[in-house]
Novice: 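Have a look at this one.
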Amino acid sequence: MLNFVSRRVFFALVTLLVVSAVVFAIFSLLPFDPAALTCGQHCTDQIIAANRIKLGFDKPLYIQYFLFLGGIFLGRSYGTGSAAFTCPAPSFGYSYNENACVTDLLREALPVTVSLALGALIIWLIVGVSLGIIAARFKNKWPDRVGSVFVLLGTSLPTFVTGLALLIWVTIKWKLVPLSLIGYTPITENPYKFFQFFILPWITLAIAYAALYTRFTRAAVLETLGEDYIRTARAKGVKERTVLFKHTMRAVFAPIITLAGLDFAGLIGGAIITETIFNLPGLGRLTLRSTYEFDLPIVLSTTILAAAVVIIMNLVIDMLYAVLDPRVRI
């Protein structure tokens, strides 16, 4: 098991290094001067030249990349003399548009997005997997038909339609959630307001994903129930509940874990539509605003962060696979 984990960690680190280098190169080779984007409408050639030197854009590309990596582990200083300033480790650069270190902006936005993604993940797993099991257990009966209707509606409605509908009906018409609470409050400050803020965004994302997981779970359960070892267990007189939850679901959970991990990692990159509708200051909204403003340090950092989360989640999924199925360790 230790050798398996060591190999996976090593390949994950190598992949992360390659991805960061490729993303850095792509953003560095864009057909415009990044130094020219660091000052406003009163920008002059002298200011651009000074900013180019201050931010290290005057150095060769490979040196810029090593400075970027060094900043992640050691922090990074910009400028000289009395105008010098430092972004402590882990440093992902400096944003002139926001007048702040990128790490500080990520530190503020990341908890919002993680809270959104984690809450939605829990809801859609509970709802989707439960409905999928029930639909498979009562195949071609009314619970299966109800599940099919839910799948059709969940996969057909875009998240912006679901989000706006919840916002209009729940907050404006029914007044179940006060409109003034649309925003973000950390759970450490006020847990009640935290859940009020996130309940509608969680439901918005969970409806779409739960529909997909209902369909996937139903198909996986029905396929597994047709396996030889399931028929053997039934022939031995094993109770149907034991067959379903002990033998069948263990095989079904492996692909569900894969999907859940990848979907969760994708949401960490930012649920842009949901965060915009509910005014959540997460990574998605930060990335969208930075794209409009051509704030390359923020866009670069959020892209690398999203890629890192995907790689880490793949590593976690591999380890969970090894726990569920020992054959994977070989």
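When a residue number appears, it is its place in the shown sequence, counting from 1. These values consider heavy atoms only, across backbone and side chains, with no hydrogens, waters or symmetry-generated copies.
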Novice: Where does the angle between the aromatic ring planes of Y62 and F66 fall among parallel (under 30°), tilted (30 to 60°) and perpendicular (over 60°)?
Specialist: perpendicular

Novice: side-chain hydrogen bond (donor to acceptor under 3.5 Å, both in side chains) between S91 and T103: does it pass, once the steps are laid out?
Specialist: CA-CA 6 Å; S91 172; T103 303; 4.9 Å; no

Novice: Applying side-chain hydrogen bond (donor to acceptor under 3.5 Å, both in side chains) to R285 and N279, what does each step give before you reach the verdict?
Specialist: CA-CA 9 Å; R285 203 176 71 170; N279 196 29; 2.4 Å; yes

Novice: Indicate the atoms forming the closest heavy-atom contact of L315 with R8, along with that distance.
Specialist: CD1-CB, 3.3 Å

Novice: Can you find a heavy atom in the side chain of I272 that is under 4.5 Å from one in the side chain of T287?
Specialist: no

Novice: Kindly assign one of parallel, tilted or perpendicular to the pair F194 and F198, based on the angle between their ring planes and the thresholds 30° and 60°.
Specialist: tilted

Novice: Applying side-chain contact (heavy atoms from CB on, under 4.5 Å) between F24 and each of L29, V19, L61, report the one that passes.
Specialist: L61

Novice: I'd like to know if D144 and K141 make a salt bridge, using a cut-off of under 4.0 Å between side-chain N and carboxylate O.
Specialist: no

Novice: Using side-chain heavy atoms (C-beta onward) and a distance below 4.5 Å, is F92 in contact with C87?
Specialist: no

Novice: Any side-chain heavy atom of R289 within less than 4.5 Å of one from E98?
Specialist: yes

Novice: Okay, side chain of R76, backbone of P88: is any donor-acceptor separation there less than 3.5 Å?
Specialist: no

Novice: Are any of the side-chain heavy atoms of L244 and I133 separated by less than 4.5 Å?
Specialist: yes

Novice: Check whether more than 12 heavy atoms from other residues, nucleotides or ligands sit under 6.0 Å from atom CD of E223, and answer yes or no.
Specialist: no

Novice: Can you find a heavy atom in the side chain of F264 that is under 4.5 Å from one in the side chain of V316?
Specialist: no

Novice: For L110, is there any backbone N or O sitting under 3.5 Å from a side-chain donor or acceptor partner on T113?
Specialist: no

Novice: Would you say the ring centers of Y209 and Y213 fall short of 6.0 Å from each other?
Specialist: no

Novice: Would you say that V146 contacts F150 through its side chain, given a criterion of any heavy-atom pair below 4.5 Å between the two side chains?
Specialist: no

Novice: Any non-hydrogen side-chain atom of V243 less than 4.5 Å from a side-chain atom of Y229?
Specialist: no

Novice: If you count the non-hydrogen atoms of other residues, nucleotides and ligands that lie under 6.0 Å from CZ in F216, is the total more than 12?
Specialist: yes

Novice: For F85 and Y78, take the angle between the two ring planes, folded into 0 to 90°, and tell me which bin it lands in: parallel under 30, tilted 30 to 60, perpendicular over 60.
Specialist: parallel

Novice: Distance-only, no hydrogens or angles: does the W202 side chain make a donor-acceptor pair with backbone N or O of S115 under 3.5 Å?
Specialist: yes

Novice: Hey, does the side chain of Q196 reach the backbone of V177 with a donor-acceptor pair shorter than 3.5 angstrom?
Specialist: no

Novice: Quick one: does V221's side chain get under 4.5 Å of K139's, heavy atoms only?
Specialist: no

Novice: Counting N and O atoms only, with roles assigned by atom type, does the side chain of T302 sit under 3.5 Å from a partner on the main chain of V299, one being a donor and the other an acceptor?
Specialist: yes

